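Report on the structure given below.
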Amino acid sequence: MGSVLREWTGFQQFPTATQSKLVELFAKLKEEGVDKLTILVMGKGGVGKSSTVNSLLGERAVSVSSFQSEGFRPVMVSRNRAGFTLNIIDTPGLVEGGYVSYQALDMIKRFLLNKTIHVLLYVDRLDAYRVDDLDKQIIGAISDSFGKEIWSKSLLVLTHAQLCPPDDLSYDVFCARRSEAVLKTIRMGARIRKRDFEDSAIPVGLVENSGRCNKNENDEKILPNGDAWIPSLVKEIILVATNGKKALVVDEKLVNGSESNDRGKIFIPLILGIQWLLVKWIQREIKKDIAKGGKYL
């Protein structure tokens, strides 16, 4: 269930320009006293969660499959570099047979017990051209499982970002429209008020995990808009981690749902007391009526 901490050898596989940017970003974290970052990756199956984990680490740390295998369980990969620890938790897809997999969600929660999550990467595909009710149900299920506050520590990641937009749209306009559609679904599925959602805007990161991804003159993987996406994504992750919102601490109450049950239990004595008083009042009134020769005779 745990993970063996290893030296981050995959870091050396990044182009020199990417390494320099990452060193600068992680140095800023350490300046703020942060020497550990734990990232939770969630979403439907087949959207590129595992591939994104491997891209962020610069190595094939987790297996990649186009289809969710029955035996797939959450896995945490831990890497250390210069006293900084990066934990990334890959998870099974949240859909099975066309429905939300609550079994997968429960498995994820139990795996996360006693862990602190600093950032949630909610992964979907940029080249999916619509959202539907199932997407809303997935968001609702995540919110019910972890609390809607998890979205204040989240980053929307859209994979398969090296594409030619349809309908003569520019790349940036297409990305903005797709992002807005998914973010609206997150707001509605999590039942967050529009004003509150806008005050804690969820950032968006674009990802292209394919080996055919275009590169710039520094050998960095770039998107059609010219952005080197790995350092850009890491920058967004760090901004979320340091946004001042509380990290998600997964404890027994969260895993077992005891907090919500306890909330209802406190009313049980009150309800029983009211019922007892009501019965006593009825019995007293009946006795009074009988004594007066009333209709209950």
Side-chain angles (χ1 to χ4, degrees), residues 39-49 51-52 91-96 98-102 104-105 108 117-209 223-225 227 229 232-233 235-241 243-248:
I39 302 168
L40 174 63
V41 184
M42 297 180 74
K44 293 176 288 190
V47 295
K49 299 188 303 298
S51 296
T52 300
T91 61
L94 298 179
V95 176
E96 185 174 350
Y99 298 92
V100 177
S101 176
Y102 290 95
L105 271 170
I108 293 168
I117 306 303
H118 301 102
V119 181
L120 165 67
L121 300 188
Y122 181 72
V123 184
D124 207 331
R125 295 177 62 132
L126 180 65
D127 60 353
Y129 299 112
R130 65 186 180 89
V131 292
D132 53 31
D133 194 56
L134 180 58
D135 293 295
K136 185 177 176 181
Q137 291 173 24
I138 293 169
I139 301 300
I142 293 174
S143 303
D144 292 340
S145 295
F146 297 99
K148 65 176 65 176
E149 294 79 13
I150 193 173
W151 299 107
S152 67
K153 300 298 294 184
S154 69
L155 171 66
L156 171 61
V157 174
L158 297 176
T159 62
H160 298 263
Q162 184 170 282
L163 53 72
C164 295
D167 304 324
D168 297 323
L169 293 175
S170 72
Y171 183 79
D172 289 338
V173 169
F174 175 79
C175 292
R177 290 185 180 179
R178 171 63 177 156
S179 300
E180 288 169 5
V182 181
L183 289 172
K184 182 179 179 181
T185 302
I186 291 175
R187 179 177 66 81
M188 296 176 65
R191 299 178 294 279
I192 302 173
R193 291 186 303 176
K194 187 175 182 180
R195 184 179 62 186
D196 294 339
F197 193 78
E198 290 172 349
D199 289 343
S200 302
I202 296 176
V204 179
L206 301 177
V207 167
E208 178 52 67
N209 293 305
L223 303 174
N225 60 6
D227 287 345
W229 73 261
S232 294
L233 182 63
K235 181 179 179 180
E236 293 294 343
I237 289 172
I238 290 175
L239 287 174
V240 172
N243 66 4
K245 306 294 184 180
K246 288 184 178 180
L248 175 69

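All values reported here derive from a predicted model rather than from experimental measurement.
Put simply, OG on Ser154 and CD1 on Ile117 are 13.0 Å apart, with the number rounded to the nearest 0.5 Å. For the atom pair Lys194 NZ and Lys184 NZ, the distance stands at 8.0 Å (nearest 0.5 Å). A distance of 11.5 Å separates CG in Asp227 from CG in Leu233, rounded to the nearest 0.5 Å. Ile138 CD1 to Ile142 CD1: the interatomic distance, rounded to the nearest 0.5 Å, is 7.0 Å. Note: Leu94 CG to Lys44 NZ = 10.0 Å, rounded to the nearest 0.5 Å.
Checked by atom type and distance alone, the side chain of Thr159 pairs as donor or acceptor with a backbone atom of Val47 at under 3.5 Å. A donor-acceptor contact shorter than 3.5 Å links the side chain of Thr91 to the backbone of Val41. Looking only at distances, no side-chain donor or acceptor of Lys153 sits under 3.5 Å from a matching main-chain atom of Leu248. Under the 3.5 Å distance criterion, the side-chain polar atoms of Glu236 are left unmatched by any main-chain donor or acceptor of Gly205. Here the side chain of Glu208 pairs a donor or acceptor atom with the backbone of Gln162 at under 3.5 angstrom. Ser232 contributes no side-chain N or O that, together with a main-chain N or O of Trp229, makes up a donor-acceptor pair within less than 3.5 Å.
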Candidate pair Leu155 and Val204, rule side chain to side chain contact (heavy atoms under 4.5 Å, CB included), full reasoning | CA-CA 6 Å; Leu155 171 66; Val204 179; 5.6 Å; no
Can Glu149 and Lys246 be said to form a side chain to side chain contact (heavy atoms under 4.5 Å, CB included), step by step?
-> CA-CA 9 Å; Glu149 294 79 13; Lys246 288 184 178 180; over 6 Å; no
Leu169 and Arg177: side chain to side chain contact (heavy atoms under 4.5 Å, CB included), yes or no, with the steps?
-> CA-CA 10 Å; Leu169 293 175; Arg177 290 185 180 179; 3.6 Å; yes
Chi angles and distances behind the side chain to side chain contact (heavy atoms under 4.5 Å, CB included) call for Asp167, Phe174 = CA-CA 9 Å; Asp167 304 324; Phe174 175 79; over 6 Å; no
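Among all heavy-atom pairs drawn from Ala141 and Val100, the shortest one is CB-CG1, 3.7 Å. Summarising the geometry of Met42 relative to Phe146, their closest heavy-atom pair is CE-CE1, 4.0 Å, with the distance given to 0.1 Å. The shortest non-hydrogen separation linking Ala247 to His118 is CB-CD2, 4.1 Å. Listed here is the closest heavy atom pair of Ser51 and Asn209: O-OD1, 3.3 Å. Here the closest non-hydrogen pair linking Leu206 and Cys175 is CD1-SG, 3.8 Å. Tyr122 and Gly43 make their closest contact through CE1-CA, 4.0 Å (heavy atoms, listed as atom of the first residue, atom of the second, distance).
Here the side chains of Pro203 and Val240 are in contact, with some heavy-atom distance below 4.5 Å. Ile202 has its side chain within reach of Ile186: a pair of non-hydrogen atoms, C-beta onward, lies under 4.5 Å apart. For the pair Leu120/Ile39, no side-chain contact is recorded, criterion being any heavy-atom separation below 4.5 Å from C-beta on. Contact check for Leu121 versus Leu40: no side-chain heavy atoms found under the 4.5 Å cut-off.
Partner of Asp135 under the side-chain contact (heavy atoms from CB on, under 4.5 Å) criterion, chosen from Val95, Asp124, Val182: Asp124. Partner of Thr185 under the side-chain contact (heavy atoms from CB on, under 4.5 Å) criterion, out of Glu180, Lys136, Gln137: Lys136 alone.
Neither side chain, Asn243 nor Ser152, offers a donor N or O lying under 3.5 Å from an acceptor on the other.
The neighbour count for Tyr129 OH, taken as heavy atoms of other residues, nucleotides or ligands under 6.0 Å away, is above 12.
A salt bridge is defined here as a Lys NZ or Arg NE, NH1 or NH2 lying under 4.0 Å from an Asp or Glu carboxylate O, and Arg178 with Asp127 fails to meet this definition.
When the salt bridge (Lys or Arg N to Asp or Glu O under 4.0 Å) test is applied to Arg191, the partners found at least two apart in sequence or on another chain are Asp144.
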